[in-house]
Each structure stands twice: as structure tokens, then as C-alpha cells.
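Bear in mind that the values here come from a model prediction, so they are computed numbers and not experimental data. Each chain gets a letter, A, B and so on, in the order the sequences are listed, and its residues count up from 1.
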Amino acid sequence: MIAQVIVDVAARQTDRIFEYHIPTELEKDIAIGSRVVVPFGPRKVQGFVVGITDQSEFKGKLKDLLVVVDEMPPLTPELVKLSADLAKNIFSYRIKILQAMLPWVMRANYRKLLVPANDRAAKMPLFQGDPIDLNKITDLAEIKQFRKLLQDDQAKIEYVVENRAKKKKENQYELALKKEEYPKIYNTLRQNAVKQKKLLMDIIDNAADYPKSQSQLEKQLGLTAASLNSAITKGWLNKKSVEVYRDPLSGFDDGEHKTAVTLNGEQQGALNQITQAIEQRQAETFLLEGITGSGKTEVYLHAISKALKQGRNALMLVPEISLTPQMVRQVKARFGQEVAVLHSALSEGEKYDEWRRIRRGETKVVVGARSAVFAPLDNIGLIVIDEEHESSYKQETDPRYNARDVAIWRSKFHNCPLVLGSATPSLGSRARAQKNVYHLLRLTERANQKKLPKVNLIDLKHVQFAGGQFDLSVELVDAIKKRLAKKEQVILMLNRRGFANFMLCRECGFVLKCPNCDVSLNLHKDTNSMQCHYCGHTEPVPTRCPNCQSSQIRFLGAGTQKVQEELEELLPGARILRMDVDTTRRKGSYKKILDSFGAHEADILLGTQMIAKGLDFPNVTLVGVINADTGLWLSDYNASEKTFELLTQVAGRAGRADKEGEVLIQTYNPEHYAIQLAQTQDYERFYGYEMNMRHAGNYPPYFYTVLISIAAKKEQNAAREAFRIKRYLNEHLHEPTIILGPTPSAISRVKNQYYYQILVKYKKEPNLNELLHHVQDSAQEAKKYGLSIFIDNEPERIM
DNA sequence: AGCACGCCGACT
DNA sequence: GTCGGCGTGCTC
Ligand SMILES: [Zn+2]
Ligand SMILES: [Zn+2]
């Protein structure tokens with residue numbers, strides 16, 4: 001038998017199948033999806049089996065496959081097939097996709113060890129210590145020494161493929177004898193055998209509870225490993241090593257399994273349509289457009305129940321940022337132990353454990369962020385993507401996949417419906433619903449009949465600022481005071497899109513920039529340094545302008561910390577919680593802040609975008625947006641859409657409970673349509689208006705887009721290659737396709753590489769995929785000049 | 001991607 | 001003569 005293997009070598013030339021002979025002793029362990037170790041040239045690498053045949057086209061002699069790593073193939077045949085389709089569409093190597101589908105611990109760790117070649121060499125002092133990893137040796141003298149040893153046949157190289165995945169094991173003790181035997185043994189024991197008697201007593205009294213774990217026995221009976229070992233040698237107990245899962249959710253399940261909330265008419269209507277598709281096994285995509293508070297989550301949970309009732313499983317994706325303890329608790333309360341949660345806050349070991357529970361079919365519902373779309377869940381009856389407009393569903397680094405597209409693929413594979421939910425659907429999804437590609441379901445009432453909050457705009461051009469800074473208007477501060485006097489709570493959002501704490505000299509206008517990239521350095525107060533967010537460059541905070549030596553330097557861009565200080569000055573005694581990347585970096589701190597605010601241990605929650613997501617605090621009656629405009633300054637074609645989404649979402653945080661809600665939005669552009677329509681919370685009108693803008697600008701969803709980025713050490717090389725690609729595309733593409741560029745990218749230099757980009761907008765180009773693959777291949781030749789090319793299908797950002 | 005192989009100039 | 005630089009081609 002022959003295995004077709006994709007090897008763990010990410011390169012154009014190795015991005016294909018390599019075949020290996022399967023030794024007969026491995027035949028029973030191997031299957032499609034197996035993770036294996038194979039010889040590859042002089043070394044050994046990890047790989048994945050994507051096919052098994054008995055015929056080979058290969059002319060040479062096939063090598064033997066060396067190891068099958070896992071007992072159960074980590075990839076299902078479905079995922080193997082998906083990886084092939086995806087590789088074609090997103091211009092990524094197949095191995096990269098296969099790896100993205102699996103927990104990080106399944107990536108191999110390679111070591112290249114220098115080992116003695118004979119008994120005499122083995123006695124050398126060099127080989128007495130830790131093994132020598134040649135990949136880690138940098139000392140030139142050592143390298144020379146080793147080379148000599150290799151030449152003299154005193155040493156040889158051993159390639160090692162290490163598995164990072166460690167299963168947590170625990171010893172379990174089971175009864176080795178019949179129940180009746182133990183009292184007899186008890187009577188023969190010596191008087192001073194205290195521990196032994198204790199153990200036998202427990203066995204006699206609680207025989208049904210066995211097997212018991214080592215930690216259990218140690219804790220309950222105060223036994224030591226020694227006394228347990230003697231029980232084994234005496235033949236009372238048998239020891240076995242059992243795999244245990246780390247349980248990251250133990251804190252979330254409050255035990256009581258809540259029953260479903262009754263749905264209102266609209267919710268029920270939506271549910272009925274989804275249910276029908278589940279039952280009739282239709283791979284239909286629904287767009288559930290529901291205003292904030294309309295109870296979309298309830299519809300999802302009901303639909304998941306329906307799928308489970310049909311004996312099928314369910315997959316639910318939520319944005320990383322909304323995968324909050326609140327959210328997890330809600331799902332766990334409904335479906336209990338059958339839920340697996342894949343979350344970036346879990347440790348790598350915990351992720352691996354959760355993932356294995358899914359792979360073994362021990363869970364029926366999977367909840368997770370983007371990468372959970374690859375969960376090895378079988379027999380899927382429903383897929384849900386909540387907040388489908390979120391750009392985080394598109395991965396912005398190498399396998400640039402969009403979880404929505406993957407979900408559509410899987411929905412077709414399983415013949416199950418896909419539900420995309422949002423209060424502010426992405427324009428593309430909404431347009432597809434208009435053309436009946438998706439099935440539109442609308443929820444227009446708040447489920448609890450509460451009124452939408454009143455939204456007012458504060459025009460920062462004609463306003464008095466409170467305090468000495470230009471961040472908080474008198475109007476906003478007064479409104480906060482009023483709420484605090486009534487013992488109500490306030491959420492304040494600082495929009496930080498495209499904004500940062502950079503250093504500006506007031507004398508000469510100098511802005512401190514990164515030496516490697518074309519961006520300004522950001523002030524980090526926690527580490528008291530200036531940092532580059534693109535390459536990680538760090539330098540001390542200057543006290544004088546590096547250009548003119550003036551001491552008149554300022555740090556611009558309102559940070560949450562600065563606003564917090566202002567608030568403390570303007571509202572003495574107010575208790576303020578701050579939530580941003582700095583205060584949520586530590587594990588669990590996010591939950592801590594929210595719990596504290598929920599318990600009314602603070603009056604004001606001040607934060608960045610991350611507070612805009614579905615947090616629900618009944619006592620919050622005022623939401624303030626400190627700066628609505630920053631997003632609009634970005635000249636990306638979807639800047640208005642993103643701003644509208646953010647404002648609508650944050651406004652939804654107010655007045656969810658029985659108290660009337662108020663939203664105040666500070667802006668320099670009160671006449672901008674995105675802000676005007678966010679004020680009236682009118683998604684449908686925004687959709688209509690924005691579609692006109694996109695039509696006029698020839699942008700998505702009227703056109704498909706592909707972004708080609710070209711990077712090189714020398715700027716002219718990047719530019720030259722970019723123009724060459726443009727000419728090539730020009731020759732092969734036709735009306736109404738539009739090719740924009742090449743232009744230097746918005747951040748024209750990152751890590752000392754210059755970036756140029758070309759944007760292709762098209763309606764129908766059947767050959768485009770092939771052309772772009774050709775562009776990618778031809779770049780391989782250009783690699784000599786230090787060129788690299790990245791192709792992003794349907795980019796989220798083009799600037 | 002790594003790694004070997006081979007060719008060429010530079011240094012014991 | 002041999003060491004080490006890099007260009008070229010291959011990995012089942
Ligand atoms: Zn200056
Ligand atoms: Zn940088």
C-alpha cells in the first residue's frame with residue numbers, strides 16, 4: 001500500500017503529493033488524515049496522509065513511511081478534502097492550511113542532533129552532556145569542530161521529529177479481587193498497618209466508587225504513592241494510566257441547566273425556517289438580520305437544540321472578542337457537558353484537550369472563534385456565525401482564509417443550513433440576501449419590548465470642552481454626572497482605529513518613526529518605551545526632540561489612560577474601570593473587569609472597541625462615544641461601514657434593561673451619513689445609501705477583489721516587479737475588470753521591506769485564479785532578487 | 001525550506 | 001592542494 005503525503009515543508013516546489021510505501025506493520029494504523037513521519041531527502045519531516053492507493057506513477061523506488069504519530073487520524077477525510085479546495089482559492093500552501101486546521105501542539109519540533117558514530121566516540125566528553133542540536137549552535141569554533149568529527153566518521157547526524165502534543169495522564173486504581181475478599185485480608189493485617197487498613201476500609205465501604213484516581217485516594221484517605229504501590233504488589237489493586245482532559249470550563253458551568261426562553265413571533269418565524277432546513281437537510285445560508293436586543297442568540301440556541309434533536313451536531317462561531325465568560329456560560333447552561341469551547345485564552349494544552357474531545361465525538365456542540373470553523377466535528381446539522389460582519393473572521397496572515405467561506409463549504413458538505421447573524425450585516429452578505437443567494441430573516445423588535453436608546457450627537461466643532469484637554473465635552477461630562485448621581489452606570493468608548501500615542505515635536509513638527517518601517521512609534525506606558533507595532537522595534541521614550549533638541553514634545557492620540565486621568569480630575573470620587581489591551585493582557589483579567597463592573601464596584605467602564613460587543617449590564621443607562629470619527633479618516637472603501645457597525649453596536653449597550661437608555665456620540669463630522677444613520681440605528685437605510693456609494697466607486701459587493709502585494713528589500717525592485725505583474729494581468733484580463741496600481745502600500749515599508757500593491761476588481765474572470773497562480777509561480781524565479789509576493793483573495797483592508 | 005553537490009577564487 | 005563562498009537542483 002502507498003500513502004500520499006503532504007510534507008511539512010512550506011515551499012512552492014514541495015507543495016504537492018509525495019508517495020511512500022506503507023510497511024505492513026503500519027497498515028492497520030494508517031488512514032486518510034493520519035499524521036506521519038517520513039524520510040525526505042537526508043532528513044525526516046512530519047506530514048499528513050491525504051490519500052492511500054496501491055498504484056504509483058513514481059518511477060523511482062518509494063521510501064518507507066516511518067511513523068504513524070497518533071492513534072486516531074487528527075484530520076477527517078472531510079478536512080483533507082477541504083484543505084485541497086481551500087489551497088486553490090486562497091493561494092496558500094496546502095501544508096499551511098492543514099496545520100491551521102489543527103491545534104498548535106501538533107506542529108512538529110525538529111531537531112538535528114550530533115550523535116557519536118561508534119563506541120569509542122561515545123566516550124568523548126562532548127557526548128556526555130545534553131544532546132547537541134546543530135540548529136542551535138552558532139559558535140564558529142564549535143561548528144568547525146563538529147564538521148571535523150563528521151568527516152572523520154566519529155559523529156553522525158540524527159534527524160529527530162518531536163511531537164509537542166503531550167497528553168495529561170493520571171493513575172487509576174481498580175479492584176483486583178472480588179469484593180468479598182477484602183474483609184478477609186483486613187483481618188489478617190497487623191495492628192500498626194494504619195494506612196493499609198484505611199485503604200481496605202474504604203474499599204470495603206465504597207467498592208462501587210472504584211476505580212479511583214491517585215489524587216482522589218491521596219486526598220480522601222491521606223495515602224501516599226508508597227502505600228498504594230504496596231497495595232499493588234500485594235495484588236489488591238491494579239494500576240492503569242488513564243488519559244485525563246484538562247477542564248478549562250470548570251468555572252463556567254453553574255450546574256443548573258436552564259430551559260429555553262419562549263420566543264416571540266418573529267423569533268419563532270425565523271426558527272421555523274431554519275428548523276425546516278435542518279430537518280430537510282438543505283445546505284441553505286440564512287442571513288439573520290436582527291437589531292440589537294432582538295434576541296438572535298436565543299434563536300441560535302433553539303436552532304442548535306433542533307439539530308441535536310435530529311441527532312446531529314452543531315458548530316457556532318463567535319468573534320474572539322465576544323467569546324466572553326458570559327457567552328460561554330449561556331451556552332453551557334443550555335447544553336452542559338456536550339459543549340466544547342475553542343478559545344485563544346486557553347493554554348495550548350487545554351486547546352489540544354478540547355480539540356480531542358471533539359475529534360473523538362464526545363461533544364455535540366462546538367463554540368469558538370475563527371479557527372473553530374475547522375473543528376473536527378462530525379455529522380454537522382447546523383452552523384451558526386454570530387456577528388458575521390466582523391472582519392476577524394478573515395485571517396490576515398498566511399492561510400488567509402475566511403471562516404464564512406469555509407462554513408459555506410462545510411454546510412454544503414454536510415447538507416446543513418448555515419445561519420449568519422448580525423445587527424449590521426456586512427454589505428456583501430446583505431446584498432447576497434437581496435439577490436436571494438442567502439435567505440433573509442429579519443428581527444425588527446426588541447425581544448424584551450424595551451425601547452431603543454435615544455442617540456444624540458455632540459458636534460465637537462462647536463462645543464465647550466471640559467477641563468484643559470480636547471477630549472471630553474461639557475455636555476458629555478454633565479450627562480455622566482447626572483447618571484452617577486442616580487447611582488446608574490456609564491460605559492465610555494474610545495475609538496482607537498488608526499489611532500495611536502505617537503510623539504510630536506511642537507517646535508519642528510518632527511514625528512518619531514520606526515527605523516525599519518514607515519509608521520510612527522507608539523508610546524507604551526506600561527513598559528515606558530516607544531514601540532513599533534509592525535516589527536517590534538523598541539526604544540526609550542525621548543525627553544527631547546531627536547531632531548531639534550526642543551523639550552516641547554507632546555504625545556498625541558487620546559489613550560484610555562489619559563482619558564481616565566481627565567475623568568478622575570473632572571469627576572472626583574467616580575470609580576473608573578479601564579479596559580484596553582494593556583489592562584486585559586493577563587489571563588482572566590478581562591473576566592475580572594467585567595465581573596467587577598457587573599457587581600457595580602465601579603461607576604464608569606472606559607474602554608476601546610472591545611467594550612462594544614454584546615456585553616449586557618442592566619444598570620448601564622448612558623453610553624458615550626468619545627471620538628466617532630477616527631475610523632472615517634481611514635480611506636479604506638469600507639471605512640463608513642466599519643464606523644456604522646461600531647457605533648450601532650456600542651449604542652446597543654445602553655438601555656437594555658428597564659431603565660431608559662441614552663447614547664451620546666462626540667464627533668467632528670455630525671453630517672456624515674454613517675454617523676447620521678447610526679444615530680437613528682437604521683441599518684436598512686445605511687445599506688441602501690452605502691450600496692450607492694459602492695456602486696459609484698466600483699467597489700464590493702459590486703466587484704470581487706484580489707490584492708497582490710509585492711515586497712522587496714530595494715524599493716525599485718518591488719516597483720519593477722509590480723509593474724511587470726500589472727502588464728501581465730493587463731494582457732489577460734478584460735472589461736469590466738479594473739486594475740488599480742501598482743502603488744506603494746499605505747505602510748510602504750515594514751521590517752525594512754518595501755511594499756507595492758495591485759488591486760484587481762472584477763465581476764467575472766474565469767481564468768483569474770489560474771493567472772494569479774502563475775504570477776505566484778513566476779515570483780519563485782524572481783526570488784533571487786529578494787522578492788516575495790502575497791495574494792489576498794477578498795481582502796478586508798486594501799490600504 | 002533545507003540540504004548536497006559542484007564550481008571557483010583565496011589562503012595555508 | 002584544501003577551505004569555504006554561493007548558485008543550482010532535488011526531495012517520493
Ligand atoms: Zn523638534
Ligand atoms: Zn518597525
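- Whole-Å rounding puts the Arg12(A) CZ to dT11(C) C1' distance at 16 Å.
- Listed by residue number, Arg16(A), Phe18(A), Glu19(A), Tyr20(A) are the residues of residues 15-32 of chain A with a heavy-atom contact under 4.0 Å to DNA chain C.
- In this structure, Leu150(A) places its CG atom 14 Å from P of dC3(C), rounding to the nearest Å.
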Could you pull out the protein-nucleic contacts involving nucleotides 2-5 of chain B (nitrogen or oxygen on both sides, under 3.5 Å)?
{"residue": "dC3(B)", "atom": "OP2", "partner": "Lys112(A)", "partner atom": "NZ", "Å": "3.3"}

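- Within 4.0 Å (heavy atoms only), Lys144(A) reaches sugar-phosphate atoms of the nucleic acid but no base atom.
- Rounded to an integer number of Å, the gap from CD of Gln4(A) to P of dT11(C) is 17 Å.
- A 6.0 Å sphere centred on OH of Tyr704(A) holds no more than 12 heavy atoms belonging to other residues, nucleotides or ligands.
- Within the structure, side-chain hydrogen bond (donor to acceptor under 3.5 Å, both in side chains) contacts touching residues 35-55 of chain A (residues at least two apart or in different chains) are Arg35(A)-Gln46(A), Arg35(A)-Asp70(A), Arg35(A)-Asn163(A).
- For the residue pair Gln757(A) and Ser709(A), no side-chain donor N or O sits within less than 3.5 Å of a side-chain acceptor on the partner.
- In summary, the side chains of Ser529(A) and Glu539(A) do not present any donor paired with an acceptor at a separation below 3.5 Å, with no hydrogens or angles considered.
- Nearest heavy-atom pair, Tyr401(A) versus Val373(A), reported as atom, atom and distance to 0.1 Å: CE1-CG1, 4.2 Å.
- A salt bridge is absent between Asp353(A) and Arg357(A): the closest approach of a Lys/Arg side-chain nitrogen to an acidic carboxylate oxygen does not fall below 4.0 angstrom.
- In this structure, the separation between NZ on Lys761(A) and CG on Leu759(A) is 6.5 Å, given to the nearest 0.5 Å.
- Taking the ring axis of Phe723(A) as reference, the NZ or CZ atom of Arg720(A) does not stay both within 45° of it and closer than 6.0 Å to the ring centre.
- If you take CZ of Phe58(A) and P of dC10(C), they are 12 Å apart, rounded to a whole angstrom.
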